[in-house]
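Quick caveat, the model's predicted, so the values are computed rather than measured. Ligands are counted one by one from 1 in listed order, and the atoms in each one are counted from 1 as well.
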Amino acid sequence: MPSTRRSLLTAFLTLPLIDVTRMKAFAQAAPDLVLTLACDDGDEPTLEREAGPFFRPNSPLERDLYPHAPGGERITVAGFVFDSRCRPLPGSLIEIWQADENGDYDSVGFRLRGHQFADAQGRWWFNTIVPALYPGRTRHFHFKVQRLGGRVLTTQLYFPGEARNAGDRLFHEALLLDIKQTRDGKFGRFDFVV
Ligand SMILES: [Fe+2]
């Protein structure tokens, strides 16, 4: 993993998480992170969005998906899974599926599909590529998120500044990734509330 993205991911992974409600103050004290930590007691659950026609069950346990598409633009997407009281939810299932660098989904195998379980502090991350646009949609990732013993949240995450966002009936600004451009790729942040 190139150095800039590694340092961002390392910073993300070394956040002090003992008192999550104080993370905003921590981020302000660590300007390199410039994290948007919109986590408050009483947060609304993450909006749901339809799975669409391309979901396939039984994806592999895998968070490094970029080798599946070496021609794509690298991005690390990362965040927490919280409950509505800002408490991290370790062990939550996070599953991703996405279009490739040409706007195609793999409907035969599991290219650019994978799942993982949030770590002991409720964090997840995928190293993948930026999905290309395909007809009728703005740029997006698909996700399923399930806390231990909970119901499955199915949703989609979007990219800021996309021309097609405004015309996509599924787009919602509450589902925007917080994207940073590094020297060697993008870093996108989103926290799920389930
Ligand atoms: Fe899609």
Item checked: Contact check: Gln156 to the Fe ion (ligand 1), N/O/S below 2.8 Å ->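 False for Gln156.
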Notebook entry, point to check: Can you tell me if Gln98 has an N, O or S atom under 2.8 Å away from the Fe ion (ligand 1)?
Noted result: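 Checking the Fe ion (ligand 1) against Gln98, no N, O or S atom falls under 2.8 Å.
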Next item on the list: Check all N, O or S atoms of His140 and name the one closest to the Fe ion (ligand 1).
Entry: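 Among the N, O or S atoms of His140, the one closest to the Fe ion (ligand 1) is NE2.
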Note to self: Which atom name does His142 have for its N/O/S atom nearest to the Fe ion (ligand 1)?
What the structure shows: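 Looking at His142, the N, O or S atom with the least distance to the Fe ion (ligand 1) is NE2.
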Margin query: Test of geometry: compute the angle OH(Tyr105)-the Fe ion (ligand 1)-OH(Tyr134) and round it to 10°.
Written below: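 About 110° at the Fe ion (ligand 1).
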Next item on the list: Would you check if there is a donor-acceptor pair between the side chains of Ser59 and Glu95 at a distance under 3.5 Å?
Entry: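 Yes, Ser59 and Glu95 have a side-chain donor paired with an acceptor closer than 3.5 Å.
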Checklist line | Closest contact, heavy atoms only, Glu50 versus Thr154 | finding: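 Heavy atoms of Glu50 and Thr154 come nearest at C-CG2, 4.2 Å.
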Main-chain N/O of [Y] paired with [X] side-chain donor or acceptor, under 3.5 Å:
| X | Y | result |
| --- | --- | --- |
| Asp168 | Leu170 | yes |
| His142 | Gln98 | no |
| Glu62 | Asp64 | yes |

